[in-house]
Enquirer: 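Structure below; questions to follow.
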Amino acid sequence: MTISGIGELSLFKRRGAHSSEELEALLDLLPHPTLVADGRSGKVLFANRGVSQLSAYTRRELSELELPTLLPDLKLAEWQASEAERSQLQKLVMRSSRETQVSLKVDTLGGTEHWVAISFLPPQKSEQDLQAVQQQRWEALHMLSLAQQQEELSACLRQTVQAAGLLTGLPSLALYVRGEGDTLSLQHVLGDPTLFPAALTAADLGHLRVPKIWQPGRTLESPLHKAAHAAKLAYLASTPLDLSNPESGLLAAADTQGQPSQELLTQLQIVAASAATALLQHQVQQALQSQLDRFAQSDAVSSLLQGQTQDGILFTDGELRVLEINPAAESMLGYLTAEVHGRPANDVLVSGQSLTPAMELALSEGHAIDLGERKLHRRDGSEFLAALRVAAISGGVGRAALAVLFSDLTAHEIFHSESQKLQQRAFLGEMTAYFAHEVGNPINNISTGLQRMRRSLPAEDPMQEQLRRMEEDCDRLDHRMKSILNLSRNMEHRPAPLDVGEFLQTQLERWRPRMARKNIQHFLQIAEGTPQVMGDSRALDQVFTNLITNAIHALEGQEDAMLAIKVSRQAQDASRVEIIVSDNGPGIAKELQERVFEPFFTTKRTEGTGLGLAITRRILLMHKGEILLESVPGGTLFKVILPIAPATAHEGTSAE
């Protein structure tokens, strides 16, 4: 869009009917910094974002200025009198009182208000200047490519900064790299080193994690910007060396005059990527050297055989044919040396992935290679996990050219598995102690307070019933805390005949308000003649609280959500009662169904300890019952099976 095009828009023809925000938004569509002024009074009326960035004034401040404040040498009347379209160099006074040369173009917008549009054009360079700049940039890129060939990292980074100076044409650049801890240290500087801080902390990098340009008038977001402001720089551009890891380093460039070019950030990112590559290459070389030092053999074959090693060792010649295996390797693989002599090593060390490429590489490079953990097959076809290393033998005697070392990690796997179990149990002990201290005492205090309140109120007071329910809730919480404690020791339940129908009705009544809020319908179906069960009501309260809670979580946000409980005598065994708790939620993935009863396993990302179903199963086992899970996409069903009470066993049988 051009200035003339802007002037013909209805928005400018009907200027009085529109706000300054609308006109400024329209000016923002122009490619160059542009302001609109009153041609007679010289007052600035509107300005786009480019003028604000160029002058360091805010738009509001610009609207309060006169043109002579910004452009003291501009003779607007002479310019308007000329009909020829032309541009001139003029002096621009910025907010900080600094001066710079700009190229102006003035257009008359027409109308009775005598508005004029003043555009700040980029300086025109001669063809010779452009060729010189282009040649300088090619030299910079060539220097950048040669920097990677420097053996010393410091020399490579120094040449990289010099190349950045050629590429951008800026006098001041700084390269920061990560030092000790989270601090970025000033590694190399082009120009005046006092312009840049000596170090930047992790906290300083919060606003420097993406490429950006700071100019006077903008917020001072970091010590780097504060230093630029103190030095009265015209602008400062910065970019992380690696955008995926901003803490690895930073490249900054600045100038005391002029405006940043449009391609400045792109140029800096090119240089930053080269510096990041050099740093990464240095780190990789250090890591490789460290690995080679760990696995390089100190001497010839005799050094590999010293002592009674428990590792298996297999020696090959230059053609990768087996020469010998030590006793430990014979025991692990089930072969004798005489049986494998002269056979290809890949036929003896049988793995899911061939070892030949790694052995050939070790021979050609003459160093050690760590192959990590792999499954190896014994002679009888069984397999075991082994840690493998391949080492070329240099300067050895005889024909041995390569050694393959492998350790049996079976015992390590068993130890690791047992260690994890012990860690889980230790964590459970710590957690139960926390519950005992943090939950038990407050519950007891609340219960005591409720008892006192009940005693202080008349027996007919309507609050008595509410207080009684609160006491029951305290008892229930106390019992659940003890159940968690009992997960790591023997549980003590006091089963008694229990009417499971009444018990479940009470459960659902307690959950009814919450399910109503979540638009969950619930149903309870009790088969006629269902006998009483043997159960501890407080422990079973925890069982069904866990199951109902899980169902409610599964139904969260689902339309037509439904929770159903069905109670009947078990068809397969008349001495037991079957209670089915089902929901029409999304279901549980097949690969997770076998794990839901494990302690600390949970599918809830933001809540849940993973103990609910583990405790539920433990409680039911103590009741001589069980719990079963069936789940498919679109529904989950838990079957709780409990023994019937002895007093009702005969009665229930005769009724049938």
Enquirer: Under a 3.5 Å distance rule, please check whether Gln148 uses its side chain to pair with a backbone N or O of Ser274 as donor and acceptor.
Expert: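 Checked: pair present.
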Enquirer: Can you find a heavy atom in the side chain of Ser154 that is under 4.5 Å from one in the side chain of His188?
Expert: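 Counting from C-beta outward, Ser154 and His188 do come under 4.5 Å.
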Enquirer: CD/Glu360 to CG/Leu402 distance, rounded to the nearest 0.5 angstrom?
Expert: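 That separation rounds to 10.5 Å.
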Enquirer: With side chain to side chain donor-acceptor pair (under 3.5 Å) as the test, would you mind laying out the steps for Asp242 and Ser248 before giving the verdict?
Expert: CA-CA 7 Å; Asp242 184 355; Ser248 63; 5.0 Å; no
Enquirer: Output, in order, the C-alpha distance, side-chain angles, deciding distance and verdict of side-chain contact (heavy atoms from CB on, under 4.5 Å) for Phe638 and Ile579.
Expert: CA-CA 8 Å; Phe638 283 95; Ile579 306 166; over 6 Å; no
Enquirer: Strictly distance-based, threshold 3.5 Å: is any side-chain N or O of His377 a donor or acceptor partner for the main-chain N or O of Ser351?
Expert: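 Not at all, since once roles are kept as given, no pair shorter than 3.5 Å links the two residues.
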Enquirer: Are any side-chain N or O atoms of Ser631 and backbone N or O atoms of Ile588, one a donor and one an acceptor, separated by less than 3.5 Å?
Expert: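 Judged by distance alone, yes, a pair lies under 3.5 Å.
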Enquirer: Does the distance from a Lys or Arg side-chain N to an Asp or Glu carboxylate O, for Arg569 and Glu578, drop under 4.0 Å?
Expert: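 Glu578 and Arg569: not salt-bridged.
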Enquirer: Just checking Lys566: does its NZ atom have more than 12 heavy atoms from other residues, nucleotides or ligands closer to it than 6.0 angstrom?
Expert: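 Incorrect, the count does not exceed 12.
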Enquirer: Please determine whether a side-chain nitrogen of the Lys or Arg among Arg158 and Glu152 lies less than 4.0 Å from a carboxylate oxygen of the Asp or Glu.
Expert: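 Looking at Arg158 and Glu152, the cut-off is not met.
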Enquirer: Strictly distance-based, threshold 3.5 Å: is any side-chain N or O of Asn326 a donor or acceptor partner for the main-chain N or O of Ile313?
Expert: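 Answer holds: yes.
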Enquirer: Taking the side chain as everything from C-beta on, heavy atoms only, tell me whether Val271 gets closer than 4.5 Å to Gln267.
Expert: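 In short, these two side chains do not touch, never coming nearer than 4.5 Å.
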Enquirer: Output yes when Arg137 and Glu263 qualify as a salt bridge under the 4.0 Å nitrogen-oxygen rule, no when they do not.
Expert: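 A salt bridge is present here (some side-chain N lies under 4.0 Å from a carboxylate O).
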Enquirer: Going by heavy atoms in the side chains, are Glu247 and Asp182 under 4.5 Å from each other?
Expert: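 Answer no - side chains too far apart.
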Enquirer: For atom CG of Asp380, is the number of surrounding heavy atoms from other residues, nucleotides or ligands below 6.0 Å larger than 12?
Expert: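 Atom CG in Asp380 is packed in, count exceeds 12.
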Enquirer: So, are Asp408 and Arg378 salt-bridged, with charged N and O less than 4.0 Å apart?
Expert: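 Counted as a salt bridge, because a side-chain N and a carboxylate O are separated by less than 4.0 Å.
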Enquirer: In terms of side-chain geometry, is the basic nitrogen of Glu626 or Lys639 positioned less than 4.0 Å from the acidic oxygen of its partner?
Expert: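 No salt bridge links Glu626 with Lys639.
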Enquirer: Could you check whether any side-chain N or O of Gln149 sits under 3.5 Å from a backbone N or O of Leu146, counting only pairs where one atom can act as donor and the other as acceptor?
Expert: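 A pair under 3.5 Å: no.
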Enquirer: Between the side chains of Thr337 and Glu330, does any donor sit under 3.5 Å from an acceptor?
Expert: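 On atom types as modelled, these side chains qualify, holding a pair under 3.5 Å.
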Enquirer: Could you tell me whether the side chain of Ser407 and the main chain of Ala386 form a donor-acceptor pair under 3.5 Å?
Expert: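 Checked: no pair found.
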Enquirer: In Å, rounded to the nearest 0.5 Å, how long is the span from CZ of Arg617 to CG of Leu628?
Expert: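 The CG atom of Leu628 is 8.5 Å from CZ of Arg617, to the nearest 0.5 Å.
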Enquirer: In the structure I gave you, are the side-chain heavy atoms of Asp583 and Met562 within less than 4.5 Å of one another anywhere?
Expert: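 Not touching, per the 4.5 Å side-chain cut-off.
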Enquirer: With no hydrogens and no angle check, just 3.5 Å: does a side-chain donor-acceptor pair link Thr201 and Asp204?
Expert: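 A donor-acceptor contact under 3.5 Å links the two side chains.
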Enquirer: Less than 3.5 Å apart, any donor N or O on the side chain of Thr616 or Gln542 sitting next to an acceptor on the other?
Expert: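 Per modelled atom types, Thr616 and Gln542 side chains form no pair under 3.5 Å.
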Enquirer: Does the side chain of Gln285 reach to within under 4.5 Å of the side chain of Leu288, using non-hydrogen atoms?
Expert: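 Result no, sub-4.5 Å side-chain heavy-atom pair not found.
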Enquirer: Is there a side-chain contact between Thr160 and Leu144, using heavy atoms and a 4.5 Å cut-off?
Expert: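 Of all side-chain heavy-atom pairs linking Leu144 with Thr160, at least one is under 4.5 Å.
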Enquirer: In the structure I gave you, are the side-chain heavy atoms of Leu376 and Phe406 within less than 4.5 Å of one another anywhere?
Expert: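 Leu376 vs Phe406: side chains touch.
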Enquirer: Could you check whether any side-chain N or O of Ser222 sits under 3.5 Å from a backbone N or O of Leu224, counting only pairs where one atom can act as donor and the other as acceptor?
Expert: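 Yes.
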Enquirer: Without swapping roles, check the side chain of Ser145 against the backbone of His142 for a donor-acceptor pair under 3.5 Å.
Expert: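 Side chain of Ser145 to backbone of His142: a pair is present.
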Enquirer: Only one of Leu157, Leu184, Leu190, Val189 passes side-chain contact (heavy atoms from CB on, under 4.5 Å) with Leu175; say which it is.
Expert: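 Of the listed residues Leu157, Leu184, Leu190, Val189, the side-chain contact (heavy atoms from CB on, under 4.5 Å) partner of Leu175 is Leu157.
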Enquirer: When you measure from the side chain of His522 to the backbone N and O of Leu563, does any donor-acceptor pair fall under 3.5 Å?
Expert: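 A pair under 3.5 Å: no.
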Enquirer: Any chance you could measure Thr636, atom OG1, to Asn550, atom CG, to the nearest 0.5 Å?
Expert: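 Between atom OG1 of Thr636 and atom CG of Asn550 there are 9.5 Å.
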Enquirer: Using a strict threshold of under 4.0 Å (side-chain N to carboxylate O), is an ion pair present between Arg538 and Asp541?
Expert: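 Not counted as a salt bridge, because no side-chain N and carboxylate O are separated by less than 4.0 Å.
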Enquirer: Are any of the side-chain heavy atoms of Val567 and Val577 separated by less than 4.5 Å?
Expert: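 A side-chain contact under 4.5 Å exists here.
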Enquirer: Measure from the side-chain N and O atoms of Asp317 to the backbone N and O of Arg321, and report whether any donor-acceptor pair falls under 3.5 Å.
Expert: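 It does hold such a pair.
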